[in-house]
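Order of listing sets the numbers, starting from 1, for every ligand and every atom in it.
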Amino acid sequence: MKNKIIITKDYKEMSEVVTKLFIKQLLEKPSTVWGLATGSTPVGLYERLGKRKDLDFSKSKSFNLDEYESLKPDDPQSYYYFMQEELFSKINISESNYFLPNGAAEDLVSECKNYDFLIKSNGGIDLQLLGIGTNGHVGFNEPSNKFSDGTHLVDLTDQTIKDNADKYFEGNTNLVPKRALSMGTMQIVKAKKIIILASGKNKAWAVSESIEGTVTPKVPASILQKHDDVTWIIDKAAASKLKNRNKLELTTKVL
Ligand code: PGA
């Protein structure tokens with residue numbers, strides 16, 4: 001097991017730990033190329049970064065994992081809008097330095113290819129932040145028979161549509177777009193470092209399968225077992241199904 005695992009008391013402590021690791025990365029490499037994620041899990045991190053007016057993101061670039069099909073950047077349900085609201089409007093990163101796949105592009109195949117090219121031509125991702133779905137997905141890479149490769153168009157599973165409807169679409173699954181553009185799993189693991197967050201009991205199955213189960217595209221996050229520099233930051237509830245939990249340190253003192 002090469003992955004480092006930090007178990008925190010709760011969501012707040014998880015957010016504090018990841019914020020410290022982000023700041024450390026930024027200070028060590030102001031020109032960091034970040035891989036960022038949407039969803040409820042990283043909100044505590046973004047909130048904390050947004051308040052730190054001493055941090056300089058002007059040399060950083062960032063690429064997000066995914067975007068819903070057909071939503072324009074100014075649509076309040078789009079991930080572009082989410083990132084603006086939660087983070088980009090609060091830090092000094094210039095608009096020309098952050099990127100999300102454009103789900104409203106006319107030619108989605110070219111959009112995916114261009115996105116991968118842009119990541120590569122910027123030197124690849126230094127630090128990729130991930131959340132995890134209740135079914136073990138990362139980005140919008142849903143359980144399947146094969147790990148996906150580059151950025152591509154995905155059909156969302158009923159489970160993901162339901163999870164997202166409950167969180168962002170007032171429980172109405174009809175309002176959730178059924179497809180999205182997502183960086184592929186193999187593209188994600190090209191990042192030099194990866195930090196993956198999980199909070200809450202509903203993530204416990206996905207966390208234990210990804211960390212202690214077989215590496216399989218049926219649990220996309222299990223691919224992280226093959227990466228050399230992965231840190232899981234998970235709260236106690238998300239860690240509750242880990243079989244070897246007692247052997248893992250309950251600590252935030254790694255910093
Ligand atoms: P969440 O989503 O952070 O809103 O739980 C994570 C994910 O689905 O990848």
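Contact atoms of ligand 1 toward Gly39: 3 (O), 4 (O) (distance under 4.0 Å to a heavy atom of the residue).
With hydrogens left out, the protein atom closest to atom 3 (O) of ligand 1 is Thr41 OG1, 2.4 Å, a heavy atom. Atom 1 (P) of ligand 1 has as its closest protein heavy atom Lys167 NZ, 3.2 Å. The single protein non-hydrogen atom nearest to atom 9 (O) of ligand 1 is His137 NE2, 3.2 Å, given as residue, atom name and distance. In this structure, the protein non-hydrogen atom closest to atom 5 (O) of ligand 1 is Lys203 NZ, 2.6 Å.
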**Message:** What verdict does the salt bridge (Lys or Arg N to Asp or Glu O under 4.0 Å) test give for Lys178 and Asp155, after you've listed the backbone C-alpha separation in whole Å, the side-chain angles of each residue and the deciding distance to 0.1 Å?
**Reply:** CA-CA 6 Å; Lys178 305 295 176 282; Asp155 291 316; over 6 Å; no
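A heavy-atom distance below 4.5 Å is not found between the side chains of Asn122 and Phe117.
Classified by interplanar angle (parallel below 30°, tilted 30° to 60°, perpendicular above 60°), the ring pair Tyr79/Tyr68 is tilted. Classification of the Trp34-Phe57 ring pair by plane angle, with boundaries at 30° and 60°, yields tilted.
Relative to atom 6 (C) of ligand 1, the option among Asn202, Asn164, Ile132, Asn141 with the closest non-hydrogen atom is Ile132.
Ion pairing of Asp54 with Arg52 is present here, as a side-chain N (NZ or NE/NH1/NH2) and a carboxylate O approach within less than 4.0 Å.
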